[in-house]
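Below, chain A is the first sequence line, B the second, and so on; all start at residue 1. All values reported here derive from a predicted model rather than from experimental measurement.
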Amino acid sequence: MISKTYNPKEIEDKWYQYWTDNKYFKSTPNPDKEPYCIVIPPPNVTGVLHMGHMLNNTIQDVLTRKARMEGKEALWVPGTDHASIATEAKVVAMLKEKGINKSDLTREEFLKYCWEWTEKYGGIILQQLRKLGASCDWDRTRFTMEPNLYDAVIEVFVDLYNKGEIYRGYRMVNWDPQAKTTVSDEEVIMKDIQQKLVYIRYDGDEGSVTIATVRPETIMADSAICVNPADERYQDLIGKKVRIPLINREVKIIADEYVTVDFGTGALKVTPAHDQNDYTLGQKHGLAVIDILTDDGKLNEKAQILVGEDRFVARKKIIKMLEESGNLVKVEDYKSNVGTSERTGAVIEPKVSLQWFMKMKDLSEPALKNVMDDTIQFIPPKFKNTYKYWMENVRDWCISRQLWWGHRIPAFYMPDGTCIVAANKKEALKIARNKYQLFALSEHDLTQDEDVLDTWFSSWLWPMSVFDAFKNPDNEDIKYYYPTNDLVTAPEILFFWVARMIIAGYEYRGNYPFKNVYLTGIVRDKQGRKMSKQLGNSPDPLDLIAQYGADSVRTGMLFSSPAGNDLLYDEKLIEQGRNFNNKIWNAFRLVEGWEVSETIGQNPASAKAVLWFQSKFNKVLAETLDHYNKFRMSDALMSTYTLIWDDFCSQYLEMIKPAYVDGKSLPIDKQTYEATLEIFDALMRLAHPWMPFITEEIWQNIKTRKANDSICIAPFPTVGAIDEEILGDFEILSEIVSNVRNTRNAKQISPKEALPLAIKATNKARYEALAGLIQKLANISAIQYVDDKAEGISFVIKGDEFMIDLGSNVDVETEKANLTKELDYTSGFKKSTEAKLSNERFVQNAKPEIIEKERQKLADAEAKIKALEEALAKLG
RNA sequence: GGGAGUUUAGCUCAGCUGGUUCAGAGCAUCUGCCUUACAAGCAGAGGGCCGGGGGUUCGAAUCCCUCAACUCCCA
C-alpha cells in the first residue's frame with residue numbers, strides 16, 4: 001500500500017524529468033491546431049525567484065497547461081532580461097569587492113565581467129521555475145542580449161531614427177548621481193521627505209527680495225527671481241536687479257504667472273539647470289542655464305563657493321554661511337515630495353543633458369485606442385483608467401543610459417561631431433561617404449556613442465523578438481504564434497513594459513502583441529507590507545517547495561489571488577494546499593485498496609450515485625470554465641477544490657464505499673469501480689493545471705498507460721449532460737442526511753448507532769429511490785413510510801415530514817420549542833411573501849419569473865407550515 | 001493639488017445588468033469524534049444594522065448623492 005501521507009519530494013523531480021524528456025512542452029507551428037501562446041515577462045538575469053514570480057508564473061503555467069490539454073498548440077516562451085542598470089550595479093559591486101574599479105577597466109573588459117556574471121547566475125531563475133513545474137518550451141529560451149535580439153533592438157533604433165521618431169537633444173532628465181546615469185520618469189520613486197524651507201534675502205541697489213527654497217545650495221545657479229505680475233508687493237521690483245548672496249552675481253527680477261502668490265514669499269528663485277519647472281520657465285524667458293553640479297552630485301567650480309562639496313553637505317554649510325552674511329531670514333520645517341532612484345535610492349537630480357529621445361505622441365495612438373475599445377482586454381478593467389491617463393499625457397521617452405551593459409546606441413560621430421545613425425560602423429561609413437562625399441573617411445574616424453539603450457527599449461520588442469520577427473519577418477513562428485494570447489504581469493510595469501509592447505506591436509506587426517493582459521497583485525505579508533529582501537519578510541520559494549511540494553505552493557498562492565488585487569500571503573494558504581494534496585492522495589489510496597468483484601451485481605444506490613456525480617461534475621465543470629474565461633483564477637480553483645473535496649470525497653466516495661464487515665471491507669462491484677476510476681481520471685485532468693505533479697502521479701496509477709503517455713497531453717474534460725432532476729434529488733438527500741446527523745449530534749448519539757427513520761411524504765417514490773443512500777449516509781436502520789404520525793423527533797423538508805424514533809431519548813419540551821421556532825420563522829417568511837404578492841405595484845412591475853418564484857416560495861412555506869403544525873400536534 | 005480604487009462574518013475575498021429560501025465561500029473559532037483513505041482528518045455549530053447618512057424604487061449589499069477611512073497612480 002502507498003504511504004499514508006502524500007510525499008511530493010518523491011515524485012516531483014521524476015515527473016518533471018519525464019515531461020522534459022518526452023518534450024511535452026515543446027511547441028512548433030501546427031496549422032491543424034489553434035495556437036495558444038504566452039511569452040514570459042523575462043525576469044532579470046541576475047534575479048532569484050521570489051514570491052511575486054511564483055504567483056505570476058503559476059498563473060501562466062495554469063493557463064498554458066489547460067490550453068495544451070484542450071488540444072491547442074500551446075507555447076510558453078521562457079527567457080531572461082539583461083536588466084541593464086540592475087546588473088551593471090551588481091557587477092560593479094562585485095568588482096569593487098575584488099578591489100577593481102569600473103573606471104580602471106576598458107569597456108570590453110567590463111563587459112567580459114558582465115557576461116561571466118550572466119553565465120554564472122543567468123540560468124538560476126529559470127532552473128527555479130522548473131521546480132515550480134513550469135511547462136515552458138525550454139528549447140526556445142531567449143535572452144535580450146543574445147545576438148538576434150540585440151540586432152532587433154539596433155534595427156528598431158535605426159528604423160525609428162530614420163522615420164524621425166528618435167532624436168537627440170538637450171533636455172532635463174532624471175539624473176541618478178550614484179549610478180551616474182539618467183533614469184526614466186517611471187524609475188523615479190517619489191517620497192515624502194521632511195525638509196527645511198529656507199528664506200533668503202537677495203539685496204539690490206533698488207530694494208531687496210526674499211525667496212523661499214528647499215535647495216539653498218543652488219542659489220549660485222540662479223538666473224533670475226520671478227514673481228507673479230499680479231502680485232502687488234513686488235510691482236516696483238519687476239525689471240530691477242538683485243545680487244545673489246555670497247557670490248554677489250546680479251540677477252534680474254522677472255514676472256510670470258507661473259509663480260504662486262501665496263506660496264512662500266511669492267518670489268521664486270529661478271534655477272534652470274536644477275529644476276524641471278525652472279528650466280521651462282528659463283526657456284520661456286531666455287535665461288542662462290548654469291549647471292553647478294558634477295555628475296556625482298558635488299558642486300563644481302561654477303558654484304564659486306563650496307566647490308567639491310556634496311550637494312547635501314553644501315546645503316547645510318550654506319545655511320550657516322547665509323546666516324553669517326545676514327541674508328538668512330528664517331528656516332521653516334517643510335514636507336515635500338522628493339524623487340529617488342528606484343535602483344540606488346539616491347535623490348534624483350534634475351539635470352540638463354544631451355540624451356536620446358523617442359517621440360511618443362503618434363506612436364502611442366493605436367496603443368491607446370485598442371485598449372480603450374477592448375481589442376486588448378485588461379483584467380481587471382480598472383487599469384484602463386490609469387493606462388488612458390498615462391497614454392494621453394505621455395512624454396517623450398528618454399532612451400539613453402550612461403551605462404555599458406546593454407544595447408549600445410548605434411550612433412557614430414564624425415570628427416566634426418556630425419552624427420550618423422546606422423546598424424554598425426561599416427554602414428555608418430557608407431552613409432558618411434555617400435551623404436557627405438567624404439571618401440577619405442575611414443572607420444577610425446568614426447566613434448560610436450558611449451551610451452546604451454534603456455532596458456525597456458529591448459523588452460518592448462519581446463513578444464516579437466523571441467520569434468526573430470525582425471531578422472525574418474515572415475517566419476513560420478511569428479506568423480503562427482503572433483499575436484500571442486495572454487500576458488500575465490504586475491501592474492507596476494504597466495507603462496514601463498506593457499504599454500510599450502503594445503506600441504511596438506502596432507508599429508512593427510500592425511497588430512496587438514497579446515489579446516489579454518492579466519494583472520496580478522503584489523504579494524504582501526500578513527501585515528500588508530510588500531515582500532522584500534530588505535524587510536526579510538519573504539520566504540524563500542524553494543524552501544517552501546521543498547517543505548510542502550510544488551503543487552501545494554501553487555494552489556496555496558492561488559487560493560486567494562483576485563486579479564489586480566494584492567495577495568496577502570500567509571503560510572496557512574500553502575498548508576491548505578498541502579492538505580488538499582493529501583486529501584486527493586488518500587482518496588486514491590481508498591479506491592486503490594478496494595477489492596473488486598467481477599461477480600456481484602451493482603448496488604442500485606451506487607448506480608444512482610454514479611449518475612449523480614456525473615451530472616454534478618458537468619455542472620461544476622461548466623462553472624469552472626466560466627471562471628477561467630473570466631480569468632477568475634481563485635474561483636476556478638475553488639470550484640475544483642470543493643468538487644473534489646466535498647462532492648467527490650465527502651459525498652460520492654461515502655455513497656459507494658463498500659460495507660465493512662468484521663473489520664474488513666467487502667469487495668466493490670466491477671461496474672461501480674470502473675465508473676469511479678473514470679471519474680477519478682476526469683477529476684485529475686480537471687485539476688492538472690493547478691497541481692501538475694500529484695495529478696500525473698495518480699493518473700499514471702489509475703490504469704496502465706501507453707508508453708510515453710502523460711496527463712499533460714490528456715484531454716481536458718468537456719461538459720457533458722446535466723440531469724437537473726437527479727441534482728435536485730441529491731440536494732434533498734443531503735438535507736435529510738445532515739438533519740439526521742444534526743439530531744445525533746444534538747442528542748449525543750454515536751454515529752455508529754443505527755436509527756430508524758419514518759417518512760411522511762407526498763411523493764413516496766422519490767425517497768424510495770434514495771432509500772439505500774439515506775440509510776448508508778445517515779446510518780439508518782430502516783425506513784418506514786407513514787401516512788400519519790410517528791414517534792420521535794421530526795424535521796421538515798419541502799413539506800415532507802421526517803421522524804426519527806429515539807425511544808425515551810426525546811425531551812418533548814425541547815422538541816416543541818425547536819419546532820415552534822421554525823414555525824415562527826416560516827410563518828414570518830410566509831407573511832412577507834404574501835405581502836409582496838398582494839402589493840399591486842409589485843405584481844405590475846416585477847418580471848413574471850420573479851413573481852412565479854415568489855408564488856413558489858409561498859407554496860413551499862405553506863406546505864412546511866402544515867407539516868410543522870402536524871408535528872407539533874403530535875407532541876401534544 | 002488632480003485622478004482611480006477599496007470599505008460585506010475574526011481574516012482574505014465572491015456577490016454579473018436592483019428581486020430578499022442570498023447575506024455567501026475559504027480560512028480561523030467553537031462542539032463532538034483517533035468511524036477501519038485521510039487528525040494534513042470526520043460530523044456539526046456559532047458569527048455580519050453588507051463603512052456612516054440621505055435619496056431613487058413596490059423592492060438596494062447591488063443605482064444616485066454626500067460624509068468618513070484606507071490604498072494606489074499622477075503632479
If we only count heavy atoms from C-beta on, is the Phe588(A) to Asn701(A) side-chain gap below 4.5 Å? yes
What is the distance from CG of Asp570(A) to C1' of rC13(B), rounded to the nearest Å? 14 Å
Output yes when at least one side-chain N/O atom of Asn586(A) is less than 4.0 Å from OP1 or OP2 of rG41(B), else no. no
Candidates rA37(B), rC38(B), rU35(B) - which lies nearest the side chain of Asn582(A): rC38(B)
Geometric class of the Trp690(A)/Tyr628(A) ring pair [parallel <30°, tilted 30-60°, perpendicular >60°]: parallel
Provide the distance between the two P atoms, one in rG53(B) and one in rA61(B), to the nearest whole Å. 13 Å
Reckon Lys657(A) touches a base, only the sugar-phosphate, or nothing at all at heavy-atom distances under 4.0 Å? base
Distance, C1' atom - from rC49(B) to rA45(B), rounded to whole angstrom: 23 Å
Under a 3.5 Å cut-off for both contacts, is rC63(B) paired Watson-Crick or G-U wobble with anything, and if yes, with which nucleotide? rG55(B)
Does Thr642(A) reach a base, just sugar-phosphate, or nothing at all? Heavy atoms under 4.0 Å. nothing
Looking at every heavy atom in both Thr489(A) and Asn56(A), which two are closest together, and how far apart are they? CA-ND2, 3.4 Å
Flag yes if more than 12 heavy atoms outside Glu257(A) fall under 6.0 Å of its CD atom; otherwise flag no. no
Ignoring hydrogens and geometry beyond distance, is the side chain of Glu654(A) in donor-acceptor contact with the base of rA37(B) at under 3.5 Å? yes
Answer yes or no: is there a donor N or O on one side and an acceptor on the other, between the side chain of Glu12(A) and the main chain of Gly549(A), under 3.5 Å? no
Pick the P atom in rU31(B) and in rG18(B), then give their distance to the nearest Å. 44 Å
Closest to the side chain of Tyr660(A), out of rC42(B), rG26(B), rA37(B), is rA37(B)
From the candidates rA37(B), rC42(B), rA14(B), the one with an atom nearest any side-chain atom of Ser650(A) is rC42(B)
Is any side-chain N or O of Trp390(A) closer than 4.0 Å to OP1 or OP2 of rC72(B)? no
Starting at atom OH of Tyr6(A), determine the distance to atom C1' of rA37(B), rounded to an integer number of angstrom. 16 Å
Rounded interatomic separation in angstrom, taking CZ from Phe383(A) and C1' from rU71(B): 12 Å
So what's rA23(B) paired with, Watson-Crick or G-U wobble, going by both distances under 3.5 Å? none
Which nucleotide, rU36(B), rG44(B), rA37(B), lies nearest any side-chain atom of Lys752(A)? rU36(B)
Between rU12(B) and rC74(B), how many Å separate the two C1' atoms, rounded to a whole number? 29 Å
Want to settle it: does Lys572(A) or Ala861(A) sit nearer the 5' end of RNA chain B, counting the closest nucleotide to each? Ala861(A)
Report yes if a side-chain nitrogen or oxygen of Arg395(A) is closer than 4.0 Å to either non-bridging phosphate oxygen (OP1 or OP2) of rA75(B); otherwise report no. yes
For nucleotides rG51(B) and rU57(B), find the distance between their C1' atoms and express it as a whole number of Å. 23 Å
Which one is paired to rC42(B), where only Watson-Crick or G-U wobble pairs with both distances under 3.5 angstrom count? rG32(B)
NA contact type, Arg632(A), heavy-atom cut-off 4.0 Å: base, sugar-phosphate, or nothing? sugar-phosphate
Under 3.5 Å, which protein N or O atoms sit close to an N or O of nucleotides 3-10 of chain B? Give each pair with its distance.
| residue | atom | partner | partner atom | Å |
| --- | --- | --- | --- | --- |
| rA4(B) | O3' | Asn385(A) | ND2 | 3.4 |

Rounded to whole Å, CZ of Arg744(A) lies from C1' of rG44(B) at a distance of 13 Å
Here the distance between atom P of rG41(B) and atom CD1 of Ile584(A), to the nearest Å, is 13 Å
Can you tell me how the ring of Trp645(A) sits relative to the ring of Tyr641(A), calling it parallel under 30°, perpendicular over 60° and tilted otherwise? tilted
Select base, sugar-phosphate, or nothing to describe what Trp594(A) touches, counting heavy atoms under 4.0 Å on all strands. nothing
Taking atom C1' in both rA75(B) and rA69(B), what distance in whole Å separates the two? 24 Å
Here the distance between atom C1' of rG41(B) and atom CZ of Arg589(A), to the nearest Å, is 12 Å
Backbone N or O of Phe496(A) within a donor-acceptor pair of the Arg500(A) side chain at under 3.5 Å? yes
Greater than 12 external heavy atoms within 6.0 Å of Glu674(A)'s CD: yes
Residue pair Glu575(A), Tyr548(A): steps toward the side-chain contact (heavy atoms from CB on, under 4.5 Å) verdict: CA-CA 7 Å; Glu575(A) 250 180 62; Tyr548(A) 293 100; 3.9 Å; yes
If you measure from the P atom in rA60(B) to the same atom in rA23(B), how many Å do you get, rounded? 14 Å
With a non-hydrogen cut-off below 4.0 angstrom, is Ser738(A) in contact with a base, only sugar-phosphate, or nothing? sugar-phosphate
Determine: side-chain N/O of Arg578(A) to OP1/OP2 of rA40(B), distance under 4.0 Å, yes or no. no
Would you say rC27(B) has OP1 or OP2 under 4.0 Å from some side-chain N or O of Tyr641(A)? yes
Nearest-Å distance, CG (Leu558(A)) to C1' (rG26(B))? 14 Å
Return the pairing partner of rG5(B) with a 3.5 Å limit on both distances, Watson-Crick or G-U wobble; otherwise return none. rC70(B)
Leu653(A) or Asn579(A): which one's nearest nucleotide on RNA chain B is closer to the 5' end? Leu653(A)
With C1' as the reference atom in both, quote the distance from rG47(B) to rG26(B) in angstrom, rounded to an integer. 15 Å
Side-chain donor or acceptor of Asp551(A) paired with backbone N/O of Ile694(A) under 3.5 Å: yes
Decide yes or no, distance alone: a donor-acceptor N/O pair under 3.5 angstrom between the base of rC38(B) and the side-chain of Lys4(A). no
Can the ring centres of Phe383(A) and Tyr387(A) be said to be less than 6.0 Å apart? no
Whole-Å gap separating C1' (rA37(B)) and CG (Leu590(A)): 5 Å
